[in-house]
Chemist: 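My questions all concern the structure below.
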Amino acid sequence: MLYVTDEQCPIASGYIRSTPLFQVPNLMDELLQRELNPPQQEAVRHTDGPLLILAGAGSGKTRVITYRIAYLMQMHGVLPQNILAVTFTNKAAAEMRQRIEGLLGSAAMSLWMSTFHAACVRILRREADAARLSPQFVIYDTSDQLTLLRQCMKELHIDAELYAPQSIMRRISTLKNELMDPDTFIQEAGDFGLDEIVSHVYPLYQRRLQDNGALDFDDLLMRTVQLMRRHPDVLERYQQRFRYIMVDEYQDTNMAQYHLLNLLAERYRNLCVVGDDDQSVYRFRGANVRNILNFERDYPDATVVKLEQNYRSTGTILEAAGAVISKNSRRKEKTLWTENERGIPIGYFCAQDEVHEAEVICENIAGLHRTEGVAYRDCAIFYRTNAQSRVLEDGLRRAQLPYQVIGGLRFYDRKEIKDVLCYLRLLVNPQDTVSLQRIINVPRRGIGQTSLAKLEALALERELYGLDMIPAALETGVVGKNILAKLRSFHELMASLREEAPQMGVADITREVLERSGYVDALEAEQTGEALSRLENLRELVTAAAEFDSHGEGEGLQDFLTQTALLSDQDNLSDESGSVVLMTLHSSKGLEYPVVFIAGMENGLFPHSRSFDEPAEMEEERRLCYVGITRAEKRLFLTGAARRRIYGVEQSHPPSLFLADIPTSCVQDFSSGAVLEMARQPWASPTSGMTTGNGQARVRPSTSVGAGSSARKSAAARAGSSAAAPYGVGTQVHHQHFGRGVVQKREGDGDQLKLTVVFRDHGIKKVLAKFAPMQPV
DNA sequence: TTCCCGCGGATTTTT
DNA sequence: TCCGCGGGAA
């Protein structure tokens, strides 16, 4: 056998025998012809050399990917272990694997089918030596990252008030996604502003990650690329191994992922990327649409296949989506079409406020369920920001409709779960100082801040990390006598757990930790409802661990921790539960539902107020809108509210400018008063849309309720807001020191007029209108 | 050391 | 509005 084989893989012994569908070549042909349209077939049959599949929404791309993998294996004799398939979520990977197994039987077992991050973890663990990593490294999530960063800042005496840890973190993350390591950055960074600070913190932060045996999300990608660049022999092995590479959602890859792919595919050039530039919505986390737009430049010999037939949505929904996305410049031209029926017009409703909006949505879901027998699980509600989910949840509860929320606070991010996971992490990797600090006094054992500070000082001096710092403290006696005893007993606890752990299943270890740490006892003693629900969550954690044990896929605790760290929101979406699904528009990518509601169709919310200034951001919002609309199969409802409370402050937003782009014939306005008609007014002229020129004022769908077009005035009147110019609630302002902001609240009047303003970069401030160096924009 | 209260900051989106 | 943190008191 020519190809590199996977040592762990029994050469797919089953796969030749267990392929009912593909035994004979012409059967395969027949199958492809029956199941796929001509461009889809072309994509499947193109096996060698670079391939770009531009897959419009709902054009059957998952089907193409799965059939292509099956085709490679069956018709070209490609071994499953020579294929790398990268998807966006674990859920997508699992589904795809299942479908391939449906076609080929168990042959697909040894196929690498996972997210970028999961694939990188796998590589890094195997190549830990070359990557100069501890093989039992742990993965830090956002909050761990921030904890570590804060410590680094403290160590360097950088004022966290002056430089928000979050912005430094964001910057470091961006740098990592651009493959900029600390050494390089020191040379390139300016010696002023944020970057000057970052040039000090980033190297230390990175060193501390290493000391703690930890990697953050971005490291997973960056370190893998570094590994491949520095070790040609390792790279060569993986190039040989992954002769065929397929990437889904290519439009959302960042620079690190882009380079990794190019490195791996360099040798055989069998790189197949699938994506849709119109669905690129992760710019904020480093995704670069140029990756897909430039694929043909990167691989001049690339074959390009466009999948433009949509099988998902009604003609009406597709037309609306097309109208919205067509306003974007810089896109690959493609026209989605469908043979599906026109369907029912899109419903629009402008509610009085957000509570009313939720009510209307619930009434409609209940109505569809009652009169048309629509299952709850076939209904989804999307929104722009997680904050919107609460009111919707309240509504659903009141209407007694079953629902599940995807995203928001992840299960594994809950305090009690995170605590226990930190115990487990320490068992795997005793160097992990961040975890130690989190749990050393949880539950309370009387090891307080002062003692901890002494411990830390000692650790810093002697360069000790994690559990190692405790014996040192015991010897030197830097802490008082009774603290000493407490430290000792904690250390003994951890030592004995560590000894037992390797022999036990994950569920048993978890139970052991819960019992012996006193965590459960402490919660039981609390006797509050909150403690009860935490206990409930912990039970759920044990269940998840037991499930993990029984699947037997991983190798114990280590893999369980990795899995929990890399789990995405979508991954715990269950189709079984029969409930209405709530999620952000971002999370909705890649999914489809017969009935879709998009709530909060208002300027300032969607498109989000932070995107008005930058055309590129605005285009991203528009793509997000396109994504949302194209999730719908049969029915789409768009809703908004004339008023809503945000941070407890009442605001009123005009209808979303995206509504104005949807052709009249596609929508039916159910609002009282012709709201949609009014919404169309300000932006309906030929000059509407985005103008980037400086001279001509960009059409600004402002949230102001003061001066403005008659349409906006009447919207304000209906909303019942005070309309006194120049600082009405919602007015966009510019402040000499604080920059851009939006007026949130007015108090007093005349010279005493006080304004609460939300500034884009400086948070909420109260200013006296008379004195503030500020004007409306 | 811990608990409680008050204040300020935050929210765009997430592997 | 809600959450997390810091400061002060027991």
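All values below were derived from every heavy atom in this structure, side-chain atoms included, with hydrogens, water molecules and symmetry-related copies excluded. Residue numbering restarts at 1 for every chain, and letters A, B, ... go by the order of the sequence lines.
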Chemist: Could you list the donor-acceptor pairs under 3.5 angstrom formed between side-chain atoms of residues 162-170 of chain A and any protein atom two or more places apart in sequence or on another chain?
Modeler:
residue  : atom : partner  : partner atom : Å
A:Ser167 : OG   : A:Ala164 : O            : 3.1

Chemist: Is there ring stacking between A:Tyr282 and B:dT13, where the centres must be under 5.5 angstrom apart and the planes under 30 degrees?
Modeler: no
Chemist: Please determine whether a side-chain nitrogen of the Lys or Arg among A:Arg283 and A:Glu614 lies less than 4.0 Å from a carboxylate oxygen of the Asp or Glu.
Modeler: yes
Chemist: Counting any heavy atom closer than 4.0 Å, what does A:Phe116 reach on the DNA or RNA strands: base, sugar-phosphate only, or nothing?
Modeler: nothing
Chemist: Tell me what A:Ile406 touches on the nucleic acid: a base, only sugar-phosphate, or nothing, going by heavy atoms under 4.0 Å.
Modeler: nothing
Chemist: Please state how far atom CD in A:Glu526 lies from atom P in B:dC4, giving the value in whole angstrom units.
Modeler: 11 Å
Chemist: Figure out the CD/P separation between A:Gln651 and B:dT11, and round it to whole Å.
Modeler: 16 Å
Chemist: With centres under 5.5 Å and planes under 30°, do A:Phe217 and B:dT15 count as stacked?
Modeler: yes
Chemist: Given atom CD of A:Glu393 and atom P of C:dT1, what is their separation to the nearest angstrom?
Modeler: 17 Å
Chemist: Write down the distance between CG (A:Leu146) and P (B:dT11), rounded to a whole number of angstrom.
Modeler: 11 Å
Chemist: Given that A:Thr450 and A:Thr115 both sit by DNA chain B, which one's nearest nucleotide is further toward the 5' end?
Modeler: A:Thr450
Chemist: Counting only distance, no hydrogens or angles, is the base of B:dT12 paired donor-acceptor with the side chain of A:Arg610 under 3.5 Å?
Modeler: no
Chemist: Taking 4.0 angstrom as the limit, do A:Arg644 and A:Glu650 come out as a salt bridge?
Modeler: no
Chemist: If you assign A:Gly448 and A:Arg384 each to the DNA chain B nucleotide with the nearest heavy atom, which residue ends up on the more 5' nucleotide?
Modeler: A:Gly448
Chemist: Report the residues that fulfil side-chain contact (heavy atoms from CB on, under 4.5 Å) with A:Ala94, sequence neighbours left out, ordered by chain and then residue number.
Modeler: none
Chemist: Answer yes or no: does a side-chain N or O of A:Ser451 lie under 4.0 Å from OP1 or OP2 of B:dT1?
Modeler: yes
Chemist: Please classify the nucleic acid contact of A:Asp218 as base, sugar-phosphate, or nothing, using heavy-atom distances under 4.0 Å.
Modeler: nothing
Chemist: Kindly point out which of C:dT1, B:dT12, B:dT2 is positioned nearest to the side chain of A:Asn441?
Modeler: B:dT2
Chemist: How close or far is atom C1' of B:dT13 from atom CZ of A:Phe612, stated in whole angstroms?
Modeler: 16 Å
Chemist: From the options B:dA10, B:dT14, C:dC2, select the nucleotide whose nearest atom is closest to the side chain of A:Ser587.
Modeler: B:dT14
Chemist: Between A:Asp278 and A:Arg623, does any NZ, NE, NH1 or NH2 come within less than 4.0 Å of an OD or OE carboxylate oxygen?
Modeler: no
Chemist: Would you indicate which nucleotide in C:dT1, B:dT2, B:dT14 comes nearest to any side-chain atom of A:Arg444?
Modeler: B:dT2
Chemist: Looking at A:Thr584, does any N or O in its side chain come under 4.0 Å of the phosphate oxygens OP1/OP2 on B:dT12?
Modeler: no
Chemist: Taking CD from A:Glu249 and P from B:dT13, how many angstroms apart are they, rounded to a whole number?
Modeler: 20 Å
Chemist: Any side-chain N or O of A:His117 under 4.0 Å from OP1/OP2 of B:dT15?
Modeler: no
Chemist: Measure the distance from OH on A:Tyr140 to C1' on B:dT15 and round it to the nearest whole Å.
Modeler: 19 Å
Chemist: On DNA chain C, does the nearest nucleotide to A:Gly648 precede the nearest nucleotide to A:Gln449 from the 5' side, or the other way round? Give the residue.
Modeler: A:Gly648
Chemist: What nucleic acid atoms does A:Asn386 come within less than 4.0 Å of, heavy atoms only: base, sugar-phosphate, or nothing?
Modeler: sugar-phosphate
Chemist: Could you give the distance separating C:dC5 and B:dT12 at their C1' atoms, to the nearest angstrom?
Modeler: 24 Å
Chemist: At less than 4.0 Å, is any side-chain N or O atom of A:Arg285 found next to OP1 or OP2 of B:dT12? Yes or no.
Modeler: no
Chemist: Using a heavy-atom cut-off of 4.0 Å across all strands, would you classify A:Thr89 as base, sugar-phosphate, or nothing?
Modeler: nothing
Chemist: Testing the basics here: between A:Val596 and A:Ile598, what is the closest heavy-atom pair and its distance to 0.1 Å?
Modeler: CG1-CG1, 4.0 Å
